[in-house]
Amino acid sequence: MTTPKTLDGAGYNAAVERFRDDEYPMLQGSVYLDHAGTTPYAKSLMDRFAQDMTANLFGNPHSASASSQLSTSRIEDIRLRVLQFFNADPLEFDVVFVANATAGIKLVVEAMRALPGSFDYAYHQSSHTSLVGVREEARSSVCLDDRQVEDWAASVSLFQGNGEDVPTLFAYPAQSNMDGRRFPLAWADKLRRDSTSGKRIYTLLDAAALVSSSPLDLSCADTAPDFIVLSFYKIFGFPDLGALIVRREAEDVFASRRYFGGGTVDMVVSVKEQWHASKNHFVHERLEDGTLPMHSIIALDTALDVHRQLFGSMPNVAAHTLFLSRRLYGGLKFLRHGNGEPVCTIYSPDPNSQTGAHGTGPVVAFNIRNSLGAWVSLTEVEKLASLKQFHVRTGGVCNPGGIASVLGLEPWEMKTNFSSGFRCGTENDIMAGKPTGVIRASLGAMSTTSDVDSFVEFIREFYLDKSLALSQSEPMSQPRDLSRLHVHSISIYPIKSCAGYQVPEGVDWEVRPEGLAWDREWCLVHQGSGQALSQKRYPRMSLVRATLDFRRGELRVRYAGRVPAHLPGEIRVPLSQNPAVFQSSATRRSRSSRVCGEEIVAQTYASAEINDFFSGVLNVPCVLARFPPGGQGKSMRHNKAHLQMHQIAPSPPKLILPGSFPAPPSPPDSDTERTERRILLANESPILAISLASVEALNQEIERTGGKAVSPAVFRANIVLGSSPQSHNTQAPYAEDTWSRLRIGRHEFKMLGSCRRCHIVCINQETAEKSEEPFVTLSKTRRFEGKVFFGTHMCYGGLVGEESSWEAQFPTVRVGEGVVPGW
Ligand SMILES: *Cc1c(COP(=O)(O)O)cnc(C)c1O
């Protein structure tokens, strides 16, 4: 049997060891090494605990019997030992035994909530989920990064103008359980009182991750946090027990706690009168409801002994794990693919260079990329690692803020991932080219050099690509050859039939199966008929301009015409799909909408401010609705574009030299493929492209007959293709009718057929004024089978080669990219 190598420091039960004395200098001669597959630590601990259990009879505390008295006195001794373990003076601190760190947090919250006026809550962004959840109980709450905490300590006041003065609870981890980053213990002292309002601030230190491999020194009660929570199983593996350590100066907080349980009261009167007297000598007496987990507490005594004997003091453990984490960090960092690209992207601070930082716990959080830059799925790594007996943890690791900040995930992205089916523990863990979690290797007292080395070797063996091939991605700085056919501009229309949003130069814009990201995700729906509004009927929609602000996570909408005085100049719609902003599903169900005659179910916004704005500027009663990707049934639409007769049988060229003239486009894709191609609220297809050469030709024709040239904007394309007019390489007008595919940068697009036109092309997109061109000229020059066509529908067709590169995980287009048509 191979023995597991634990790199999840929390999982001591699985920490079956083969450590050698020379790897653990301070242990020399102290351990009997049992190679039979049992950990010497677990074995000593269990043997010793069994001895204690069989030699003594422990009764339920609170009785006068000898067995009960034995339990009581042992528990009181152990309580003291716990304080000594953290260098805490029993006159200054008390220990409350709880099930785990989370239970300790909940005791503090229960008490704070019972204070007159409740409490305000501030928590650090690297907090564990168990700290984040506290916000639901607070009067108001805020999530802070390092700088904001320092500002708060220095001068800035939080929670001002919240009415009644209530105390604040500030919670943070001593060490992040996600990447091992440590935070200043001095914060507690700096934040006793809010610097401007003078309000009391209580500090809750989550020491659960820190104390598993490091000492925590509470010798100075004046500067210590008010409440400290931890789980003993993270230090000793056993017993399953936690503690809340209370700084006695702050114990008044618990006076307001309302509930009392068995063992916490000196007297209770309940018949005819209701009265009770709480025990009030020690906080633990008041907070330990019911029977204590006495055997677990007694086991803690043994755990403290055995741990000390095997591993020495906590500073020893800290030195050992620091040594190992440096080795692990270095080992992973220097793994390079054959082409020189790094294998691991590491999020933890470098334990080798601690300058300025508060240090790092023995944790290395990272992700793996292949040699072409694509992210490797976390679940795949975890599956293979467990086959190879490595115990690592992957995913969000219960640290939502930490994950979001290291992975650069915005709230709207996380919610988009959620609505596209992402859940904690899901297998689909790379979304829109970003990993949704991390791989975390954490080290403990029992980890060994060979564990670390074999883990690095495992990553090398399975994930290092020795080939020298470089990714073909064009360097960003490559000079653009604008005489070639290239992407002239990119536009999306966030709100269907309203003004376009031009993608700025230099920005890589995501291409999705259902079109360019954020294109036609919203629409305006008539309040009476449920019909989606269109420019055809309401030309002023062209003046409704929406801008995507990713930094603030908002869609900002302005109206370029005259805004009625009672309406705001701009409204903001969250990009997040927060269910709270939509009308309840019950109302929604009775109200389906129609887009291009097709019945759909979109989520309509409940906000009067938003709906009044659109109704006011357009002068039609309407509501904003959203039709996000990933819907099912009537929340999903399909491509309707197909090749037109004029494309399938083009007028035959006069002279055909082999290879000199484009062959007719290949027949349309199979029906099944077409039905599976999704779109959002676009009329027909995922992406609409036009060519400037064709616009040019059309304008020449319009001007020849005395008309006024039109802007390319009237065609409301997503991608405008162009080449410089001076170039001899200029595209023939209407060449796009004959293409069957198109390569933009390294991505392939399939042509789906010409775009049929209506009078909307006659609306000037800057002024909302209507004219007769270009429709009149179009119908003279571009009419086939009685219908008028201009521009071409297309959809994403995949990356050229290198399916396993990052570009394939996250296809994008950019202004200026070269375009190569194919027939
Ligand atoms: C493990 C951990 C917790 C939660 O501990 P429980 O024992 O599950 O209650 C909280 N915070 C941090 C930093 C942790 O590492």
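Just so you know, these numbers come straight off a predicted model, no measurement behind them. Every heavy atom of this structure was used, including side-chain atoms; hydrogens, water molecules and symmetry mates were not. Both counts, for ligands and for their atoms, begin at 1 and track the order of listing.
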Got a salt bridge between Glu380 and Lys383, using NZ or NE/NH1/NH2 to carboxylate O under 4.0 Å?
yes

Output yes when Glu110 and Arg258 qualify as a salt bridge under the 4.0 Å nitrogen-oxygen rule, no when they do not.
no

Considering non-hydrogen atoms of the protein only, which is the closest contact for atom 8 (O) of ligand 1, and what is the distance?
Tyr233 OH, 3.5 Å

Is Arg48 salt-bridged to Asp52, going by a charged N under 4.0 Å from an acidic O?
no

Within the 4.0 Å heavy-atom cut-off, what Thr102 brings close to ligand 1 is both

Are Phe119 and Tyr202 an aromatic pair by the rule of ring centers under 6.0 Å?
no

Closest protein heavy atom (residue, atom, distance) for atom 11 (N) of ligand 1
Asp206 OD2, 2.5 Å

Which atoms of ligand 1 have any heavy atom of Ala209 under 4.0 Å away?
13 (C), 15 (O)

Asn177-ligand 1 polar pair, N/O distance under 3.5 Å
no

With a heavy-atom distance limit of 4.0 Å, tell me whether Ser231 approaches ligand 1 through its side chain, its backbone, both, or neither.
side chain

Tell me: protein heavy atom nearest atom 2 (C) of ligand 1, and distance?
Lys234 NZ, 2.4 Å

Is it the case that Arg81 places NZ or CZ above or below the six-membered ring of Phe85, under 6.0 angstrom from the centre and within 45 degrees of the axis?
no

Thinking salt bridges, do Glu249 and Arg192 make one under a 4.0 Å N-O criterion?
no

